[in-house]
Amino acid sequence: MKQILMGFIVSLLWVGCSSEEYLPLGYQLIANTNLSSAGGSILPWQMDQSGGTNMGVSKGIFFTGNQSLFIENQDSTMSGTGTWTQKYTGPMPAPGSSLELTAFLKGEEIRNFTPDRNIFIYFKVFTKSDASGATYSASNQIKFGGNFDWTPLTARLESFPKDAQSVQVYLFMPSLLYGKIYFDEIQLRVKKN
């Protein structure tokens with residue numbers, strides 16, 4: 001009897017350790033979605049800017065919480081860009097599930113000086129088999145212009161890969177775009193298992 005019981009316990013431990021754990025439906029992958037962590041920190045959000053682009057945190061304009069991220073270009077001749085990023089490396093969604101990025105955007109005096117340049121959000125999934133580059137991504141862009149109030153923008157990946165090791169989120173303002181764009185309530189959720 002003891003041998004049977006011991007064999008059963010060992011098999012349960014083996015099954016529990018060998019099965020992968022995937023994120024449940026609705027799970028939020030990124031941290032500090034409304035940019036209102038204690039002490040006003042925006043971490044783990046990071047900025048990458050070039051040229052004359054100005055980036056920062058607005059404490060006066062926000063959708064939820066008490067602040068938002070912004071990217072601003074006040075010189076239409078500058079070819080700089082601005083990107084806010086966050087990387088997720090924890091447990092991954094189940095293979096085949098969908099992943100959805102949503103962000104709310106607000107614009108001030110947005111003017112586009114080239115027809116193919118748009119503000120957009122996107123994310124890349126980096127896999128174990130190809131750590132040097134993304135093999136799966138999703139993006140969405142919209143031609144914003146002038147002044148506009150908080151507007152949701154969504155990008156969706158319908159089939160999550162099985163060997164994912166990280167996901168990188170990007171909030172992007174391209175070069176030769178004038179004005180100021182705010183980002184808030186940024187979420188990356190598992191939508192379908």
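What you see is a predicted model; the values in this text were computed from it and never measured.
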Residue set satisfying side chain to side chain donor-acceptor pair (under 3.5 Å) with Ser36, at least two apart, ordered chain then number -> Asn66

Using a 4.5 Å side-chain heavy-atom cut-off and chaining through intermediate ILVMFWY residues, the residues clustered with Phe62 come out as none

Residues at least two apart in sequence or cross-chain that pass side chain to side chain contact (heavy atoms under 4.5 Å, CB included) with Phe120, listed by chain then number, are Tyr122, Gln141, Phe172

Side chain to side chain contact (heavy atoms under 4.5 Å, CB included) filter on Thr85, not counting sequence neighbours, yields Gln46, Thr83, Gln168, Tyr170

Rounding to 0.5 Å, atoms CG (Asn73) and CD (Gln49) come to a distance of 11.0 Å

Residue pairs meeting salt bridge (Lys or Arg N to Asp or Glu O under 4.0 Å), one or both in residues 47-74, sequence neighbours left out, come to none

* Asked: Centroid-to-centroid, Phe104 to Trp150, below 6.0 Å?
  -> no

Quiz item: Is there a side-chain contact between Trp84 and Ile121 (heavy atoms, below 4.5 Å)?
Solution: no

Cluster check Leu105, Phe63: I/L/V/M/F/W/Y, side chain < 4.5 angstrom: no

Looking only at heavy atoms, the pair that brings Gln67 and Ser41 closest together is NE2-O, 4.0 Å

| request: Could you tell me whether the side chain of Gln187 and the main chain of Arg189 form a donor-acceptor pair under 3.5 Å? | output: no

Sequence neighbours excluded, the answer for ring-ring contact (aromatic ring centres under 6.0 Å, His included) partners of Phe148 is Phe144

In short, Thr53 meets Ser50 closest at the heavy-atom pair OG1-O, 3.2 Å

Residue set satisfying salt bridge (Lys or Arg N to Asp or Glu O under 4.0 Å) with Lys180, at least two apart, ordered chain then number -> none

For Ser68 and Ile61, the nearest pair of non-hydrogen atoms, with its separation, is OG-O, 2.6 Å

For Lys87, the side chain to side chain donor-acceptor pair (under 3.5 Å) test, sequence neighbours excluded, returns none

Taking every heavy atom of Met92 against every heavy atom of Val167, the minimum-distance pair comes out as SD-CG2, 4.2 Å

d(Thr33 OG1, Ile186 CD1) to nearest 0.5 Å is 7.5 Å

(Q) Within the 4.5 Å heavy-atom criterion, are Ser97 and Tyr22 side-chain neighbours or not? (A) no

Exercise. Do Phe70 and Leu35 belong to the same hydrophobic cluster, where Ile, Leu, Val, Met, Phe, Trp and Tyr are linked whenever their side-chain heavy atoms lie under 4.5 Å apart, directly or via other members?
Worked result: no

In this structure, CD of Glu100 is separated from CG of Leu188 (nearest 0.5 Å) by 9.0 Å

Sequence neighbours excluded, the answer for side chain to side chain donor-acceptor pair (under 3.5 Å) partners of Thr64 is Glu185

When rounded to the nearest 0.5 Å, the distance separating CD1 of Ile71 from CD1 of Ile119 is 8.0 Å

In terms of heavy-atom contacts, Leu99 and Val190 come closest through CD1-N, 3.9 Å

Are the side chains of Ile110 and Tyr178 in contact, using a 4.5 Å heavy-atom criterion?
no

Sequence neighbours excluded, the answer for side chain to side chain donor-acceptor pair (under 3.5 Å) partners of Thr154 is Thr102

Residues at least two apart in sequence or cross-chain that pass ring-ring contact (aromatic ring centres under 6.0 Å, His included) with Tyr182, listed by chain then number, are none

In terms of heavy-atom contacts, Asp149 and Lys106 come closest through OD1-NZ, 3.4 Å

Interatomic distance, OG@Ser98 vs CG@Leu25, rounded to 0.5 Å, equals 8.0 Å

I'd like to check Asn32 versus Pro44 (side-chain heavy atoms, cut-off strictly below 4.5 Å). Are they in contact? yes

Salt bridge (Lys or Arg N to Asp or Glu O under 4.0 Å) filter on Glu158, not counting sequence neighbours, yields Arg156

Value for CD1 (Ile181) from CD (Glu109), rounded to nearest 0.5 Å, stands at 12.5 Å

